[in-house]
Amino acid sequence: MTARAPGSRLAGWLPFAGAALLLLVVAPLVLSDFRLNLLGKFLCFAILALGLDLVWGYTGMLSLGQGVFFGLGGYAMAMYLKLEASQGELPDFMSWSGLSALPWFWKPFAHAWFAIPMAILIPGALAGAVGYLLTRSRIRGAYFSLITQALALIFTILFIGQQPYTGGTNGITNLTTLFGFSLGDPRTQKVLYLITAVTLGVTYLLLRRVTASRFGRLLIAIRDGENRVRFCGYNPVAVKALAFAVGGALAGLAGALFVPQVGIISPAMMGVVPSIEMVVWVALGGRGTLTGAVLGALLVNLAKTYLSESFPGAWTFGLGLLFVLVVVYLPDGLVGLVRRVGLMGKSGEEGLA
Amino acid sequence: MLAVERVTAGYGEGRVLNGVSLAVPEGRVVCLMGRNGVGKTTLLQTIIGLLPATSGAIRLGDQDLTRLPPWERARAGIGYVPQGRGIFPFLTVRENLLVGQEVGRPDPVALEEVLELFPRLRDLYHRAGGALSGGQQQQLALARALVGRPRVLLLDEPTEGIQPSIVWEIEEVLQILKARGQVAILLVEQFVDFALSLGDYYYVMERGTIVAEGATGSADPAALQEYLSV
């Protein structure tokens, strides 16, 4: 999308280095434990937003079911933490619901080496399968969005209904330790925050490489003309399924990092409304630009926190208003706005993607 | 080289092609003419595989393409330049051309050859496809099909709605391709003079079938115009 001017390579790294310094050094020194924990949560959302941007901004698949993949990653992690908290006993919600033994599919989640990869692989594989089946049947556009939204609804209902296995509406709570470190200890939380920040940075750099590669160009080509890509000699089905799988896997990773920092995962975090909120993050920041996805996730959640702290209940109106304003006035999001202003300033020069 | 044998196809219940047969010999230019709505574009889409043929056969050399998906037909050697250009607006000219070559198999020689044919594209190399004029987009679409080194090129009304100077440039490129004889061309065209000056052979379609055909040398432009006038 942008011409790479020689010499701008180093300059291109400056904003990234600045953001890294801010997140890794300044934020832990300046922010209170509570605020840092909150920022850690937002950074998880930013990881998810990067994946959603790949799926929507680059490949043109508007997923209204990203919460499902986030939730599955979160549940996989929570299952591990719950078993660690139960110390060999049956998890509390299972005994309340009348189970007398640990279900078979819970057993392997007692091991971190199983649970943590599964938090990424299960949502990734589900997304890949859904993406493959839908694109193979040439389902795209609004129909694709509707089916992914239905997916969010189905999973919420399923997880609420299967209380003995999932904890029902309450989700999985009362998580105490991770690898023996207390989750209530600010030092543990600080380490989790730093891990999240580094993961976000690595994800960003990887996706920047992917989107700049031939594969990335192919994603944009598919977004703008799927049939044209077909008669140019490519099978778009596999490519779209792969992009959707990566988006799902990143959502799962975000969920897995989210759970130990927040201490709970429940169906309320994987349903229709949070899934739409995720789309708003990317829309506000600017879809099709990775920086936009990260900024959108951080800014919308910051606004959400301050609005709901000062005017509880007003947030959903704020969210709706935000969405309308972005659609009408900022179709390319904040990054698009900055670019347009920049273009007016120094005409002819293109912004950095 | 390309043989279409008694092909029928359509959209859902509506049948558009009623047993179309035509042949495009190696290195030749064959023109397909006919009024709007007789099924010319439908035929091209059936050849490239965007529409399934309900009966009949499509062959390239001795390979049967009838049941292959579009991307495999493209790899077998069919290049397609759709009506209305169909370039990728958010990719640069260079990136558009790279998409025209198969993944992981870049062919810098083919790219260079195509840029020789379309020097204009070299000047626009890093411009977004969507920022090009209609004529430039048409050249880009043609170039994108050529960088994949097709054996047969399908062109759907390449002169439609394009300024005369670029029509002339496109005609020149097609003449060069014809003289080289490396690619067979099936040209859908409503502009009789353009078709007759380029083509070796012509077909005329009406209501989903071929109603006239012949060598362009012996064609009567007035009679052909009769078929095309509304």
Side-chain angles (χ1 to χ4, degrees), chain A residues 1-6 8 53 56-60 132 135-138 140 210-243 286-289 331-332 335-336 339 343 347-353, chain B residues 44-51 68-107 124-131 137 140-141 143-150 153-154 156:
Chain A
M1 295 233 278
T2 29
R4 256 159 274 141
S8 76
D53 197 23
W56 182 33
Y58 284 89
T59 323
Y132 177 77
T135 37
R136 200 190 54 169
S137 320
R138 308 262 176 120
R140 53 186 175 211
V210 167
T211 51
S213 70
R214 265 176 104 86
F215 182 76
R217 298 312 178 208
L218 191 56
L219 296 182
I220 295 175
I222 288 175
R223 178 191 73 190
D224 295 337
E226 198 171 324
N227 269 340
R228 295 168 202 172
V229 172
R230 275 180 219 276
F231 63 68
C232 284
Y234 304 88
N235 179 0
V237 176
V239 178
K240 286 176 85 173
L242 182 62
R287 70 193 142 112
T289 64
D332 297 321
V335 169
R339 239 179 232 174
L343 278 181
S347 58
E349 235 178 289
E350 282 175 274
L352 224 96
Chain B
L44 293 193
Q45 293 198 337
T46 312
I47 295 174
I48 189 60
L50 291 175
L51 271 179
L68 293 183
W71 52 91
E72 284 181 19
R73 299 189 200 198
R75 288 176 183 195
I78 298 190
Y80 177 41
V81 181
Q83 195 171 17
R85 278 82 75 177
I87 49 110
F88 299 110
F90 288 97
L91 296 182
T92 63
V93 167
R94 171 177 169 273
E95 290 164 349
N96 265 282
L97 292 176
L98 290 182
V99 171
Q101 300 187 326
E102 280 175 46
V103 200
R105 237 197 279 172
D107 184 346
L124 302 166
Y125 212 40
H126 293 290
R127 193 79 70 80
Q137 289 187 5
L140 176 57
R144 187 185 62 195
L146 286 172
V147 288
R149 290 190 188 275
L153 192 58
L154 312 181
D156 200 349

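So you know, we letter chains A, B, ... as the sequences are listed, proteins then strands, and number each from 1.
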Inspect the surroundings of CZ in B/Arg127 and state if more than 12 heavy atoms from other residues, nucleotides or ligands are less than 6.0 Å away.
no
Give a yes or no answer on whether the side chain of A/Arg228 reaches the backbone of B/Ile87 with a donor-acceptor pair at less than 3.5 Å.
yes
State, with a plain yes or no, whether a side-chain heavy atom of B/Gln101 is found less than 4.5 Å away from one of A/Arg214.
yes
Rounded distance (nearest 0.5 Å) linking atom CZ of B/Arg73 with atom CZ of A/Phe231
13.5 Å
What distance separates B/Leu50 CG from A/Glu226 CD, expressed to the nearest 0.5 Å?
10.5 Å
Indicate the atoms forming the closest heavy-atom contact of B/Val99 with A/Cys232, along with that distance.
O-CB, 4.0 Å
Is it true that, when you exclude A/Tyr132 itself, more than 12 heavy atoms of the residues, nucleotides or ligands shown sit nearer than 6.0 Å to its OH?
no
Heavy-atom closest pair (B/Trp71 atom, A/Gly233 atom, distance to 0.1 Å) is CB-C, 3.4 Å
Mind listing the closest non-hydrogen atom pair of B/Arg75 and A/Tyr234 along with its distance?
NH2-CA, 4.4 Å
Rounded to the nearest 0.5 Å, what's the gap from CD1 on A/Ile220 to CZ on B/Phe90? Could you check?
9.5 Å
Pick from A/Ile222, A/Val229, A/Leu218: which one makes a side chain to side chain contact (heavy atoms under 4.5 Å, CB included) with B/Phe88?
A/Val229
